[in-house]
Amino acid sequence: MSEIVEINLERIIPQMEKVLKHQGIPENTAPSEKIIEVFNTSREHFRRLGEPRGIWVEISKEAFAEVYRGEGHNDSTTPVADIFPYAGKLALFAVTLGEAVSLKINSLMAEYDFAGGSMLDSVASEGAELAADYLQESFMNDYLKKANPGSEIKILRYSPGYCGWHISGQKKLFGYLNPEKIKMSFNDRYLMSPLKSITGVMIAARKEKHYFEMIYPCCGSCRTPSCRERLTELERE
Ligand code: SF4
């Protein structure tokens with residue numbers, strides 16, 4: 001089963017609080033009028049230029065083990081390697097916001113509008129995460145339609161380049177998923193085009209299987225332990 005998903009742009013417009021947090025402004029700090037103005041302008045650029053779309057494809061555990069092995073450069077132990085054997089279902093995915101948003105970020109930077117360029121970059125990063133959430137919902141709905149996995153089944157996503165999954169993993173992921181169908185590609189340094197894109201695996205497993213301690217080699221040098229935030233959110237669901 002594979003699905004190309006046209007993503008409703010209005011559903012992935014990020015909230016100002018999230019974007020400002022991405023900009024390094026603490027959540028309980030009131031932004032200045034100037035910052036609000038820059039945010040509003042960036043949000044309008046995003047609304048006008050965003051062309052979000054995504055694709056996911058179901059994959060067996062055996063096939064995923066091969067995709068995950070990639071070019072053989074992953075860490076010796078990783079959260080994904082320990083969790084995916086417990087999955088009820090797995091899917092590879094890719095989402096992109098299209099080329100125009102990234103071009104606009106570049107042009108703002110080239111015009112020395114660093115505040116505008118950086119804010120649009122944050123809006124787009126948050127928007128890409130929301131687009132991935134949208135895709136995750138599509139995958140979960142399909143799972144619920146075909147099976148009765150129970151309310152304890154939850155999905156978390158992991159991407160090449162993070163948590164011990166080497167960036168070169170993009171090669172086999174692209175080979176299996178074919179995100180070229182949604183006009184995505186990668187270069188010889190595994191950098192994706194369009195830039196504001198996310199790829200990875202969605203792991204649907206019983207809630208308790210997603211939890212882990214930060215004991216992996218990748219965790220020692222991790223500056224943004226977003227896994228803790230995601231596991232806390234899982235607890236709230
Ligand atoms: S601490 Fe960082 S590297 Fe380790 S699992 Fe969490 S997000 Fe990944």
Side-chain angles (χ1 to χ4, degrees), residues 12 14-15 17-27 54 56 59 61 64-95 121-122 124-137 139-140 152-174 177 186 189-192 195-237:
I12 63 158
Q15 290 176 339
E17 294 70 26
K18 289 265 184 193
V19 173
L20 296 190
K21 192 175 170 199
H22 193 269
Q23 289 268 298
I25 299 173
E27 270 173 295
W56 59 263
I59 185 167
K61 288 180 201 173
F64 179 67
E66 183 53 31
V67 168
Y68 189 64
R69 195 169 300 121
E71 307 305 293
H73 302 310
N74 294 343
D75 287 356
S76 52
T77 55
T78 68
V80 174
D82 286 349
I83 297 166
F84 91 80
Y86 298 103
K89 238 182 215 313
L90 292 165
L92 299 178
F93 76 93
V95 281
D121 187 82
S122 293
S125 294
E126 286 299 319
E129 286 297 333
L130 291 172
D133 288 348
Y134 192 103
L135 211 65
Q136 187 171 310
E137 211 176 295
F139 172 52
M140 189 60 166
E152 286 300 292
I153 291 283
K154 303 289 174 195
I155 299 177
L156 282 184
R157 305 188 295 266
Y158 291 87
S159 296
Y162 298 91
C163 305
W165 187 357
H166 196 265
I167 188 70
S168 57
Q170 293 287 26
K171 193 171 176 180
K172 284 207 170 142
L173 188 149
F174 265 69
L177 181 62
F186 67 91
R189 287 180 295 130
Y190 305 105
L191 204 64
M192 285 186 285
L195 206 55
K196 290 296 174 187
S197 302
I198 304 176
T199 58
V201 63
M202 296 189 275
I203 304 178
R206 287 184 64 80
K207 190 173 172 178
E208 69 271 15
K209 299 296 181 194
H210 286 293
Y211 292 93
F212 60 87
E213 301 292 327
M214 289 166 35
I215 50 165
Y216 295 96
C218 53
C219 302
S221 56
C222 179
R223 290 199 194 146
T224 50
S226 57
C227 60
R228 297 303 101 179
E229 209 170 301
R230 292 188 296 152
L231 291 174
T232 307
E233 273 172 31
L234 208 64
E235 198 49 53
R236 284 199 210 108
E237 284 177 12

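Whatever order the structure lists ligands and atoms in, that order sets their numbers, starting from 1.
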Metal proximity, C227 vs atom 6 (Fe) of ligand 1, N/O/S cut-off 2.8 Å: yes

C222 near atom 4 (Fe) of ligand 1 via N/O/S, less than 2.8 Å: no

Contact atoms of ligand 1, heavy-atom distance to F212 under 4.0 Å: 5 (S)

Between F93 and F139, ring centroids under 6.0 Å: no

Nearest-contact summary for atom 8 (Fe) of ligand 1 - protein heavy atom, Å: C163 SG, 2.4 Å

Residue pair R69, E66: steps toward the salt bridge (Lys or Arg N to Asp or Glu O under 4.0 Å) verdict: CA-CA 5 Å; R69 195 169 300 121; E66 183 53 31; 2.4 Å; yes

Nearest-neighbour protein heavy atom for atom 4 (Fe) of ligand 1, which is reported as residue plus atom name and distance: C219 SG, 2.4 Å

Main-chain N/O of R157 paired with R230 side-chain donor or acceptor, under 3.5 Å: yes

Which of the ligand 1 atoms, numbered from 1, are nearer than 4.0 Å to a heavy atom of S226: 7 (S)

Residues E235 and Y211: side-chain donor-acceptor under 3.5 angstrom: yes

Residue pair Y68, V201: steps toward the side-chain contact (heavy atoms from CB on, under 4.5 Å) verdict: CA-CA 9 Å; Y68 189 64; V201 63; over 6 Å; no

